[in-house]
Amino acid sequence: MYKYIAKRLLMLIPVIIGVSFLVFFIMAMAPGDTAKAILGEDAPVESLEALREELGLNDPIPVRYVNYMKGMLRGDLGKSYKSGRPVFNEIMERFPATLELSFWGMVFAIVLSIPIGIISATRQYSLTDSVSMIFALLGVATPNFWLGLMLIIVFSLHLGWLPSGGNTDGFASLILPVITLGTGCMANITRTTRSSMLEVIRQDYIRTAKAKGVSKNKVINKHALKNALIPVVTVIGLQFGSLLGGAVLTESVFSWPGIGTYLVNSIKAKDTNAVLGCVIIFSICFSIVNLIVDILYAYIDPRIKSKYE
């Protein structure tokens, strides 16, 4: 197991290199002038040229990328072009807000999706099953930013029940962004739970347990659910990693002070170092979440654990 974990951590290196390479060149080739984005369109030519020289923007793109990677190998994500502060510090200041939003979004999704998926599977083709799947499809198809705007219009503007943005009102500030972020995730987990449970409850050992007189609840909770959890855990892990990245639009809609809002503002300002830092942090988080999911497999299914030994 330790060798497997070490191998997976080493695989982060090519992932980070590949992601940083793509993002760096996309930002470099994107239209717009970083110096003008920082100083303004009406800044003197001399000031613009001096800033470009100071930031190394006059160097060829490959040279700039190599210099950035040298710094990253030392743990330096560079300084923000806009604020002049270390990018790592700025990201870490905002990371707890993004993690909080993603965590509660996942809790919201899991608490609703797994029971709904189990009920749908045990009552296949019933009205409950049909309604659940319709809502799951709607959840998958609904864009986060549109849902967020609709929730703001209804619950903030018309009803006045909840704040429309920021995180100054405690848990009330979390409700709308959590629902927005967790709805699509909830829909995916619901569909996976239903499919996995349907496959498991058709197995011979489930029919045998029922024939022995084991109660339906015990068959579902003790025998079927544990074996159905492996694909569900996979989806939960992938969805949580996606929530960290998918929080970008949700944070922008609700003015949430997390990495997503920081990333959007950095893209507007052509702040390459800040954008690269955000993407690299997201990539590391996503890879670590996937590693944790793989380790959880070993505790859910002993057959998988034997492959690591």
Side-chain angles (χ1 to χ4, degrees), residues 5 8-28 30 65 68-69 71-83 85-107 109 143-145 148 167 177-178 180-185 188-189 234-295:
I5 294 173
R8 288 292 299 270
L9 292 175
L10 287 174
M11 288 175 63
L12 277 173
I13 297 175
V15 170
I16 292 173
I17 292 175
V19 168
S20 63
F21 178 85
L22 288 174
V23 175
F24 188 92
F25 278 88
I26 289 173
M27 289 295 297
Y65 177 71
Y68 179 83
M69 292 303 294
M72 193 181 70
L73 290 175
R74 298 192 299 269
D76 181 12
L77 295 178
K79 292 184 177 181
S80 169
Y81 294 161
K82 190 175 181 180
S83 66
R85 298 181 60 213
V87 169
F88 182 79
N89 293 347
E90 293 201 331
I91 291 176
M92 288 300 104
E93 289 173 1
R94 294 164 174 80
F95 186 73
T98 296
L99 188 61
E100 179 185 22
L101 182 59
S102 300
F103 171 78
W104 286 113
M106 180 55 66
V107 170
N144 277 4
F145 67 89
N167 66 339
V178 162
T180 301
L181 190 62
T183 297
C185 180
N188 283 319
I189 297 174
T234 304
V235 172
I236 289 174
L238 293 174
Q239 289 295 317
F240 185 71
S242 300
L243 284 184
L244 290 170
V248 172
L249 291 177
T250 302
E251 288 184 7
S252 299
V253 170
F254 291 96
S255 301
W256 189 261
I259 301 178
T261 302
Y262 178 65
L263 175 59
V264 171
N265 293 334
S266 300
I267 292 173
K268 291 178 181 178
K270 282 210 69 177
D271 193 342
T272 303
N273 286 348
V275 174
L276 277 170
C278 292
V279 173
I280 288 170
I281 294 297
F282 282 142
S283 301
I284 292 174
C285 290
F286 193 85
S287 299
I288 291 175
V289 168
N290 285 339
L291 175 59
I292 293 172
V293 169
D294 288 345
I295 294 173

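Numbering of residues begins at 1 and proceeds along the displayed sequence.
- Taking the six-membered ring for Trp and thresholds of 30 and 60 degrees, Tyr65 and Phe25 have ring planes inclined between 30 and 60 degrees apart.
- Between Tyr68 and Gly277, the shortest heavy-atom contact is OH-N, 3.9 Å.
- The closest side-chain heavy-atom distance from Ile189 to Met106 is below 4.5 Å.
- For the atom pair CG of Asn188 and CD1 of Ile236, the computed distance is 11.5 Å after rounding to the nearest 0.5 Å.
- Thr250 places no side-chain N or O within donor-acceptor distance of the main-chain N or O of Pro177, the cut-off being under 3.5 Å.
- Contact detail for Ala97 and Trp256: the closest heavy-atom pair is O-NE1, 2.9 Å.
- With contacts defined as side-chain heavy-atom distances shorter than 4.5 Å, the pair Arg94/Thr261 does not qualify.
- The existence of a salt bridge linking Arg85 and Glu93 is confirmed by a sub-4.0 Å separation between a basic side-chain nitrogen and an acidic carboxylate oxygen.
- In this structure, Thr98 OG1 and Leu263 CG are separated by 10.0 Å, a value rounded to the nearest 0.5 Å.
- Among all heavy-atom pairs drawn from Cys185 and Ala109, the shortest one is SG-CB, 3.8 Å.
- Rounded to the nearest 0.5 angstrom, Leu276 CG and Leu22 CG are separated by 10.5 Å.
- Here CE of Met92 is found 4.5 Å from CD1 of Ile281. Values are rounded to the nearest 0.5 Å.
- No side-chain heavy atom of Val19 sits less than 4.5 Å from a side-chain heavy atom of Phe282.
- Atoms CD1 and SG, from Ile280 and Cys285 in turn, are 12.0 Å apart once rounded to the nearest 0.5 Å.
- Annotation: side chain of Leu181 is in contact with side chain of Leu101 (closest heavy-atom distance under 4.5 Å).
- Atom CG of Asn273 and atom CZ of Phe24 lie 8.0 Å apart (nearest 0.5 Å).
- Nearest heavy atom pair, residue Val87 against residue Ser80, reads CG2-N, 3.6 Å.
- In terms of modelled atom types and a separation under 3.5 Å, the side chain of Ser266 and the main chain of Ala274 share no donor-acceptor contact.
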